[in-house]
Every structure is written in structure tokens, then in C-alpha cells.
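Below is one structure, written out as C-alpha cells, with a few remarks after it.
A quick note: this is a predicted structure, and the numbers were derived from the prediction, not measured. Residues: numbered from 1 along the sequence shown.
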Amino acid sequence: MSQNSRKIVFNMPSLVSEPAAEPHPGRRPAMVSPADPGTPELTEGRKLGTLMEVSEALTGTLNLPAGLYGVLEVLERRCGALRGSVTLLEEGGGLLGVEAALGYPRSAGRVRYRLGEGITGRVAESGRPAIVPRVSGEPGFLYRAAGRSVRQEEVTFICVPILLDQSTAGTLAVEIRVAPERDAERMVKVMRIAASMISQALRIQRLIDLERQRLVEENTQLREELRERYEFSNIVGNSGPMRQVYEQVAQVVGTTATVLVRGESGTGKELIAHALHHHSPRAGKPFIRVNCAALPETLVESELFGYERGAFTGAHARRKGRFEQADRGTLFLDEIGELSPATQAKLLRVLQEREFERLGGNQTVPVDVRLITATSKDLEKALADGAFREDLYYRLNVFTICVPPLRERKSDVLLLADHFVAKYARLHSRNIKRISTPAIDMMMSYHWPGNVRELENTIERAVLVADGDVIHGHHLTPTLQTAEASGTVVSRSLSEAVGAFESNLIQDALKSTRGNRARAARLLSTTERILNYKVRRYGIDPGRFRG
């Protein structure tokens with residue numbers, strides 16, 4: 001028999017007060033009257049029934065204290081326990097705290113035991129069960145939890161360890177009427193099996209706690225990322241045009257007004273739309289984004305308004321549209337200028353009536369949506385061409401924010417570059433500290449047709465290819481390589497460059513006509529006299545093309 005399977009039998013006084021905890025709400029302490037017959041005999045059938053009920057108590061709830069209290073109730077009802085408790089090792093591993101108890105005074109919940117202190121502490125320290133046949137004859141039994149009023153009561157105290165991963169996680173203890181040794185032995189066996197079931201419940205609870213903690217940390221991280229990503233401080237720039245944008249944003253940010261964000265592609269219109277939503281009264285509601293330019297014309301209506309089952313081939317179930325998904329939140333329609341006239345008419349009705357019908361349905365669906373739209377298109381020209389509805393234009397143009405292109409805010413290029421260097425150095429774990437002066441000059445002289453998006457992609461690439469802690473000019477994309485930076489500055493005059501070009505054209509024509517000057521002149525739409533003059537001037541030998 002292994003050491004852990006041996007029992008400690010206390011015929012002499014023990015060292016501890018025994019378990020405790022606040023009684024279950026609304027329940028009187030379980031006491032056995034003198035007329036009670038005593039502890040029921042634990043037959044094999046009764047043991048099996050007891051263990052089945054213990055299992056049901058632990059698996060019937062995700063609340064661990066409630067499950068533990070259920071175990072004690074089963075031991076009271078099936079085994080005649082007068083009192084019982086479950087102690088668990090607290091964080092730090094030095095103290096045992098009462099997690100659940102039955103039949104003890106309310107103050108017992110504050111009782112703690114050190115490892116090795118008394119019976120409970122010894123059981124937890126040794127990992128072996130213990131039996132005190134008669135508590136009344138145990139001077140070391142301090143009655144710290146039960147109280148002095150039960151000192152004269154004749155009971156047997158049984159305590160078994162709760163083992164988890166080969167170490168003690170707590171104890172399960174009961175007090176029963178003084179019983180023959182064989183009955184105490186049977187009780188120990190039942191309690192040890194019950195303790196192993198509690199151990200499994202503890203394992204599951206710890207996994208649940210770990211998963212809950214992971215989800216909390218993940219949600220906290222996501223919220224922090226959202227806050228950082230859509231914080232207005234991330235809209236980088238202090239140039240005059242950008243200060244005007246900040247003023248416009250400040251005027252509308254706390255409202256639910258319809259906003260039209262205008263600007264070239266890549267200027268950051270979507271970032272402004274996100275920030276407007278996350279700082280608006282609808283911040284906790286859905287933010288739904290739709291890129292109107294990316295949707296085929298045949299799918300725009302079903303995407304925006306949803307459809308009923310059977311509305312078209314393949315519509316096997318009802319589907320909510322983007323308007324329904326954004327109810328009580330914000331709907332961001334990017335590239336609104338790409339919508340077809342038919343869809344524009346339906347959109348206008350939704351904005352005016354705040355209701356719509358799904359595709360293939362006749363039921364009116366009310367909706368409460370704040371609309372933010374964006375476009376890189378010249379809507380005034382589209383109005384003049386009849387490509388955009390005038391009434392929809394005035395309905396959308398409640399509050400307009402114009403985002404300037406990067407070429408009009410050159411003073412922000414360096415600020416943005418530094419921002420993106422810090423962002424992608426952290427993201428890709430690179431130790432990039434600065435941008436060299438030649439690289440800065442290259443970026444400042446470039447016209448940035450792709451605006452902030454092109455600058456961001458350029459910096460990310462430079463961070464990836466940089467082989468040190470400095471971004472140099474040769475780390476930037478080839479489109480930024482100027483003649484000075486690449487060493488290809490033109491060193492000849494305009495007349496020399498024109499002459500070289502003419503010479504190449506004439507040689508190509510003579511090659512095509514196998515040296516025939518008359519045909520070459522006609523090919524170049526000039527006279528033979530002028531061609532002969534140019535041939536002599538540039539020293540071209542027509543004879544070498546005749547072969």
C-alpha cells in the first residue's frame with residue numbers, strides 16, 4: 001500500500017479546529033436529533049447511489065461553490081453527515097479557505113487553515129485521509145469553526161484530500177455520529193471517490209477560468225486596438241488643410257447628422273468615418289461598411305436591403321441587408337458616386353422614410369441608421385451629366401468634410417512617415433530609428449498620386465527591406481527614385497537630346513526600307529532633300545542597311 005493510501009487515525013487529540021463556511025442561504029444547519037438512528041449503513045447499493053448523486057451535483061451546474069454545497073447535501077442526506085465542508089488551497093499555496101460548508105455558523109466562512117495546522121492542515125500537507133474517532137476526546141480540536149457550543153457533542157471527524165495533478169488542492173471533511181470502525185472505513189472510501197470527482201470539477205473550472213480570462217484579455221485588447229486605431233490623434237497632420245478638417249470633425253463628431261466625406265482615393269476617408277462613429281452617441285452600436293464600387297450592380301440592392309426566401313434563384317433563406325445590420329448604429333457607404341440611378345432612388349426613399357422592403361418581399365421594415373458616405377468622384381460633374389440624382393445629392397450633402405490630397409499637405413509627409421515607421425517597426429519587430437535626409441528629400445519631392453495609402457505602403461516596404469536601423473533612399477520604391485538620387489541626371493543639352501532622337505528615328509526608317517532614302521523619307525513624312533541633310537549632319541551611313 002502506498003504512503004498516500006494510508007490513513008491517519010487520531011486516537012489522541014488532533015491539532016485543529018475543523019471546517020467552516022456560511023450556511024446555504026435559507027437553510028437551517030443540519031443537526032441530528034437524539035432520536036435519530038445515527039449514521040446509515042453504507043451498503044454497496046447505497047454507496048453507488050451516493051456517488052451518482054455526487055456526480056449529478058457537480059455536473060448539474062457551472063457554479064463550483066453551488067456544486068460543492070450540493071456534494072455536502074448528498075453526504076448529509078445519504079450518509080448521515082451532521083456537518084461538512086470543502087476547503088481549497090488559496091492562491092499562494094499557504095492557506096486553506098472554506099469554499100463550501102453545511103451545518104456551521106455564519107462566522108465560519110472567515111476561518112483559514114495553514115498547511116500542517118490541525119487535522120485539515122495535516123491532510124492537505126500529507127495528501128492522506130484522516131479519521132478522528134471521537135472529537136470530544138481530542139484536546140487539540142479547537143472548535144474554531146464549529147464553536148464551543150458543540151464541544152460536548154460526540155462525533156467522528158473524517159477528512160480526505162482533494163488531489164489535483166499529484167498535489168493537494170484542498171480537503172473534503174464531514175462530521176458523523178460516532179460509528180464502528182468499519183463504517184468509518186466505508187465512509188472514507190466514499191469520500192475519496194467524491195473528492196476525486198471534485199478534483200475533476202476543479203480542473204474543468206480552472207479551464208473555464210483560463211478561457212474566460214483569455215476572452216477578457218482578448219476583448220480588452222480589441223477594445224484598445226479599436227480605440228487606438230480610430231482615435232482622432234491617429235489622423236496625423238498639422239498643415240493648414242488638415243486643421244480645417246479637424247475643425248469640421250469637431251463640429252459634427254458629437255451628433256448623428258449625415259456626413260459626406262470627400263477626397264481622392266487613399267486620403268483616409270474611411271478612417272474619418274470610423275472615428276466619427278466611435279466618438280458619436282452610437283459608439284456602442286454596429287458600424288457597417290459597404291464599398292459600393294466593389295459590388296456588381298445586380299447585387300447592390302440585395303446587399304443593402306436584404307432579400308426574402310425565394311426572391312431569386314439561390315435565395316434559400318431570408319437574409320438581412322446592410323441597413324438592417326446597422327440598425328441603431330452607423331452605415332458607411334464608400335464610393336457612393338458609383339451607385340446606379342435605380343439604387344439611388346431606393347436609397348433616397350430609405351433616407352426620407354426610414355423604412356424599406358427586402359428584395360422579393362412586401363413587408364415594410366423600419367430602420368434607424370446614421371449614414372456616413374464617402375466619394376472620390378466629382379459629384380457636381382455627375383449631376384451635370386445626369387449620372388447622380390440631384391435630390392439624393394442634397395439629401396447626402398448635409399455636412400461635408402473635404403480631405404485634402406497629400407500633395408496639398410506636403411508639410412505632413414514627414415509626420416506621417418515617422419508615424420508609419422513607428423507603427424510597422426513595432427508590427428514587424430524591426431529596430432528602425434530614423435529616416436535618412438536623402439530619403440526625406442525624395443519623399444518631399446514626390447507628388448504622391450496614391451496619397452496617404454501609397455505613403456503607408458512605401459514605408460512598410462522600406463521597414464521590411466532596411467538592413468539597419470536607418471531607412472535610406474535606396475530602400476524606397478523605384479517610383480520615388482529621382483535622377484539625382486539614382487545618379488541619372490541628364491548631362492546633355494536639349495538640342496543634343498533632340499538630335500539623338502532624330503538620328504534614332506532616321507536609322508530605324510532606313511533599316512525598314514533597306515537603305516532606300518526616298519522610301520525612308522516618305523515613311524517619316526518628310527522630303528528626300530531634308531532626309532539627306534539629316535543623314536550628312538548625323539553621320540549616318542545608309543549603305544550599311546542595304547544588306
Side-chain angles (χ1 to χ4, degrees), residues 7 9 18-88 98-104 108 119-120 123 129-135 145-146 150 153-163 169-202 204:
K7 293 182 289 298
V9 180
E18 287 324 298
E22 186 174 328
H24 190 270
R27 179 180 176 86
R28 296 176 60 189
M31 302 296 291
V32 180
S33 67
D36 287 338
T39 305
E41 185 180 353
L42 278 173
T43 63
E44 290 301 320
R46 194 172 188 85
K47 282 199 298 186
L48 180 61
T50 300
L51 296 174
M52 288 181 63
E53 288 191 26
V54 167
S55 176
E56 291 172 0
L58 291 171
T59 58
T61 179
L62 291 177
N63 186 330
L64 182 62
L68 297 177
Y69 188 85
V71 171
L72 297 176
E73 282 190 320
V74 172
L75 294 178
E76 175 203 37
R77 186 176 62 256
R78 303 280 301 192
C79 304
L82 302 177
R83 286 173 289 275
S85 69
V86 177
T87 63
L88 296 179
V98 177
E99 189 71 19
L102 183 67
Y104 289 100
I119 300 172
T120 302
V123 169
I131 301 173
V132 179
R134 292 179 179 272
V135 169
V150 296
E153 190 176 1
E154 199 65 88
V155 294
T156 296
F157 180 78
I158 303 174
C159 184
V160 298
I162 298 172
L163 302 175
T171 63
L172 169 64
V174 295
E175 295 179 24
I176 60 174
R177 287 195 173 276
V178 175
E181 184 179 348
R182 69 175 187 278
D183 290 341
E185 293 279 354
R186 290 174 181 171
M187 190 69 177
V188 168
K189 292 179 181 178
V190 170
M191 289 176 62
R192 293 190 69 175
I193 298 174
S196 68
M197 293 180 181
I198 292 174
S199 173
Q200 293 303 315
L202 282 174
I204 294 172

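Looking at every heavy atom in both residues, Ala173 comes nearest to Phe157 through CB-CZ, 3.5 Å. Scanning both residues, Cys79 and Thr50, for their nearest heavy atoms gives SG-CG2, 3.9 Å. Contact between Ala195 and Val160 at its shortest, heavy atoms only, is CB-CG2, 4.0 Å.
Checked against side-chain contact (heavy atoms from CB on, under 4.5 Å), Thr156 has the following partners two or more places apart in sequence or in another chain: Ile131, Ile158, Ile176, Val178. Considering only residues two or more places apart in sequence or on other chains, Leu51 meets the side-chain contact (heavy atoms from CB on, under 4.5 Å) condition with Val190, Ile193, Met197.
Leu102 places none of its side-chain heavy atoms less than 4.5 Å from the side chain of Leu75. Annotation: side chain of Val188 is in contact with side chain of Arg192 (closest heavy-atom distance under 4.5 Å). Residues Pro129 and Pro161 form a side-chain contact, since some pair of their non-hydrogen atoms from C-beta on lies under 4.5 Å apart. Between Val174 and Met187 there is a side-chain heavy-atom pair separated by less than 4.5 Å.
Separating the CE atom in Met52 from the CG atom in Leu48 is a distance of 6.0 Å, to the nearest 0.5 Å. Annotation: the span from Glu99 atom CD to Leu172 atom CG amounts to 13.0 Å, rounded to 0.5 Å. The OG atom of Ser199 lies 10.0 Å from the CD1 atom of Ile204; values are rounded to the nearest 0.5 Å. The CG atom of Leu202 sits 11.0 Å away from the CG atom of Leu163 when rounded to the nearest 0.5 Å.
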Exercise. Between Leu88 and Thr171, does a side chain to side chain contact (heavy atoms under 4.5 Å, CB included) hold up when you go through it step by step?
Worked result: CA-CA 7 Å; Leu88 296 179; Thr171 63; over 6 Å; no
For this session: I would like to know whether Val86 and Val71 meet side chain to side chain contact (heavy atoms under 4.5 Å, CB included); could you show each step before the answer?
Result: CA-CA 9 Å; Val86 177; Val71 171; 5.8 Å; no
